[in-house]
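Please read all numbers here as calculations on a predicted model, not as lab measurements. Values below: every heavy atom of this structure, side chains too, minus hydrogens, waters and symmetry copies. Residue numbers start from 1 in every chain, and the chains themselves are labelled A, B, ... in the order their sequence lines are given, proteins ahead of strands.
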There are 2 protein chains.
Amino acid sequence: MIERHLAKLRARATVSAEEEAAIRSSLGEIREFAADEVVVPALKVQDHSTMLLDGFMCRFKDLRNGKRQITELHVAGDFADLHSFTLKYLDHDVIALTPCRAALVPHANLRRITEQFPHLTRLYWFSTNLDAAIHREWELSLGQRTARARLAALFSELQIRLQIVGLASDTSFDLPLTQTDIAECMGLTNVHVNRTLRNLKEDRLVEFEGRRLTILNKAELWRAGDFDPRYLYLDGNGTAPSLGP
Amino acid sequence: MIERHLAKLRARATVSAEEEAAIRSSLGEIREFAADEVVVPALKVQDHSTMLLDGFMCRFKDLRNGKRQITELHVAGDFADLHSFTLKYLDHDVIALTPCRAALVPHANLRRITEQFPHLTRLYWFSTNLDAAIHREWELSLGQRTARARLAALFSELQIRLQIVGLASDTSFDLPLTQTDIAECMGLTNVHVNRTLRNLKEDRLVEFEGRRLTILNKAELWRAGDFDPRYLYLDGNGTAPSLGP
DNA sequence: CGGGTATTTGATATAGGTCAAGCATAGTGG
DNA sequence: CCACTATGCTTGACCTATATCAAATACCCG
């Protein structure tokens, strides 16, 4: 059930049996979310965090004119809003992009962890810092990368994050997002994403059919995206998979 | 000496006398940095974090072609790299934008805090989550705001962050950044920043002369930037309900 | 099989980039 | 005290990556 979450943690650090038990006993209700359902509304005080078990969620912020920026994608094993534990309410919404299943973790239980398990606390702190590292990489994409490089970097990131939790092979994975979703991640329009995708396909870097992404040439994809996976912090002592080329 | 740091924390939560003492006793060496000096090099393992006492620092990432994205600005009172405590090394550089003074805080001392002061630990965790909230707001700027709105939002953010630590009045503050620095924050060119600044000046929203920014019409500036300060989490003022005792 | 959603394509527009030059300013050293 | 250099600011002319608008498919799912 929380194997993907444990896999994500163990890709970066050791989690003891005691800590694993503490995590398991912190779980509350299991909930399902429909696609497009709001998981965490902005500005509403929270008393729990949401551990994503299955499906894709995202965080986004928007402007008065309706333009929306997705600030991070979440995959199975991620906490979508662990930061609500210290922030109490979020400055953004979290929604399900696909049908999802999640475990709700009461903040009271997280607080008990901070009082009894300093190492696990630091690991969860690390986990929110990893979210921030992803935000920074996206800032780099949004501010400086071309459209082509943004998509290449995004796909490269997702392949690794999904592989860690057993949802991607070395070269392919299900990516049930629309081109509009991708556009909202990378600050582009759906039309331009469509054209840029075609361009990546024509160059035989990726294929994207039936909501499945296949990486045809990972070395070139990384190069096209100026992608350096070190911001994902996978060199810890865990079970990090081989990172390829 | 660390009054600005305490002011920043106390703008969000209560800090007890004991906790204040713990912070003070965690301080190590005081260091000065010249403008442009590297404060924390990317990818190098750190054994301390850097509490900025005076001056402006920034975090940035760059691409092969030399294009650089500043991902966050740091002002007096901020930890520039508190996240290095859990991450061990950073995915980005930290440099001084102006001459700076900083207190180095050994990670060993931070670890002691996590073992003895759970509430203060949560407060520092909060603090890195606040950095992430700023990253998200910048993602929104970089992905969706016009150049004019980006500058308006940036100036609005800085006025508040600086006022909290006593370095800004309601309407003005020293902003010792070049137009190129500002451009690298907001994903623009220095030329376009220059033109956009003129535009803001012509509309009597701000003045920017001699490295001092004056806000002439804050309501209009906030409106121009689609600025909503709630992402800065300033409503806990002193009472700390969100972080518990 | 029908209706909403997603993708694709074409034509055109524009915000912001690039290149280039001229000024202003401030520190430096003779 | 004044060239001298370096750095930053300003402005103009032109360019391009990406947006916008619009319309035609394609694709699901009920």
Side-chain angles (χ1 to χ4, degrees), chain A residues 34-36 56 63 65-69 95-99 141-154 174-202 206-213 224-226, chain B residues 34-37 56 63 65-70 95-99 141-154 174-202 206-213 224-226:
Chain A
D36 298 322
F56 285 73
L63 298 177
N65 66 10
K67 285 181 194 275
R68 164 187 296 199
Q69 179 62 44
I95 59 172
L97 290 172
T98 66
S141 275
L142 292 164
Q144 305 298 342
R145 283 188 173 100
T146 63
R148 178 183 162 97
R150 288 183 211 185
L151 296 194
L154 177 64
D174 286 323
L175 184 63
L177 306 187
T178 67
Q179 294 182 2
T180 298
D181 293 332
I182 293 170
E184 289 178 345
C185 290
M186 291 290 104
L188 301 165
T189 58
N190 57 349
V191 173
H192 201 61
V193 165
N194 183 277
R195 289 174 170 139
T196 307
L197 272 174
R198 181 173 50 194
N199 177 270
L200 289 173
K201 286 177 204 163
E202 281 167 1
V206 302
E207 258 163 11
F208 186 32
E209 286 172 54
R211 300 286 151 89
R212 186 168 182 86
L213 189 97
D226 222 325
Chain B
D36 299 322
E37 189 175 345
F56 285 73
L63 298 177
N65 65 11
K67 285 182 194 276
R68 164 188 297 199
Q69 179 63 43
I70 295 177
I95 60 171
L97 290 172
T98 66
S141 275
L142 292 164
Q144 305 299 341
R145 284 186 172 101
T146 63
R148 178 183 161 96
R150 288 182 211 185
L151 295 194
L154 177 64
D174 286 322
L175 185 62
L177 306 187
T178 66
Q179 295 183 0
T180 298
D181 293 332
I182 294 170
E184 289 177 345
C185 290
M186 291 291 104
L188 301 166
T189 58
N190 57 349
V191 173
H192 201 61
V193 165
N194 184 277
R195 289 173 171 141
T196 307
L197 272 174
R198 181 172 53 193
N199 177 269
L200 290 173
K201 286 177 205 164
E202 282 166 2
V206 302
E207 258 165 10
F208 187 31
E209 286 172 53
R211 300 285 151 89
R212 186 167 182 86
L213 190 98
D226 221 324

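Comparing D:dT11, C:dG16, D:dA19 by their nearest atom to the side chain of A:Leu188 picks out D:dA19. In this structure, of C:dT9, D:dG8, D:dG12, it is C:dT9 that holds the atom nearest to the side chain of A:Val191. The nucleotide whose nearest atom lies closest to any side-chain atom of B:Thr189 is, among C:dT8, C:dG17, D:dT11, C:dG17. Taking the side chain of A:Arg211 as heavy atoms from C-beta on, and the options C:dT18, D:dT10, C:dT7, the nearest nucleotide is C:dT7.
Scanning for salt bridge (Lys or Arg N to Asp or Glu O under 4.0 Å) contacts around B:Asp181 gives an empty result, with sequence neighbours left out.
Both A:Gly210 and A:His192 lie close to DNA chain D; mapped to their nearest nucleotides by heavy-atom distance, the more 5′-ward contact belongs to A:His192.
In this structure, A:Lys67 NZ and A:Glu184 CD are separated by 10.5 Å, a value rounded to the nearest 0.5 Å. Rounding to the nearest 0.5 Å places CG of A:Asn199 at 5.0 Å from CZ of A:Arg148. Note: B:Asn194 CG to B:Leu188 CG = 12.0 Å, rounded to the nearest 0.5 Å. If you take CZ on B:Arg195 and OG1 on B:Thr189, they are separated by 8.0 Å, rounding to the nearest 0.5 Å. Between B:Leu97 atom CG and B:Cys185 atom SG the span is 7.5 Å, to the nearest 0.5 Å.
In this structure, CD of B:Gln144 is placed 16 Å from P of C:dA15, rounded to the nearest angstrom. Residue A:Glu209 contributes atom CD, which lies 15 Å from atom C1' of C:dA6 at whole-angstrom precision. Nucleotide D:dA19 holds its P atom 13 Å from the CE atom of A:Met186, rounded to whole Å. Rounded to whole Å, atom P of C:dT18 lies 16 Å from atom CG of B:Asn194. As a whole-Å value, the separation of A:Asp181 CG from C:dT5 C1' is 12 Å. In this entry the distance linking CG of B:Leu197 with P of D:dC9 reads 9 Å, nearest Å. Note: CD (A:Gln179) to P (C:dT9) measures 10 Å, nearest angstrom. Rounded to an integer number of Å, the gap from CG of A:Leu151 to P of D:dA17 is 16 Å.
Contacts of A:Thr178 with the nucleic acid, taken as non-hydrogen atoms under 4.0 Å apart, involve only primed sugar atoms and P, OP1 or OP2. Backbone-only contact: A:Thr146 has heavy atoms under 4.0 Å from sugar-phosphate atoms and none from a base.
The heavy-atom pair separating A:Arg150 from A:Leu142 by the smallest distance is NH2-O, 3.5 Å. The minimum heavy-atom distance between A:Ala34 and A:Ala96, with the atom names listed, is O-CB, 3.4 Å.
Remark on the helix from C:dC1-D:dG30 to C:dG30-D:dC1: inter-end axis angle 50°, axes from five-pair C1' superpositions, rounded to 10°.
A donor and an acceptor atom sit less than 3.5 Å apart, one in the side chain of A:Arg195 and one in the base of C:dG10.
Checking the phosphate oxygens (OP1, OP2) of C:dG16, no side-chain nitrogen or oxygen of B:Arg148 falls inside 4.0 Å. For D:dT20, the OP1/OP2 oxygens have a side-chain nitrogen or oxygen of A:Lys67 closer than 4.0 Å.
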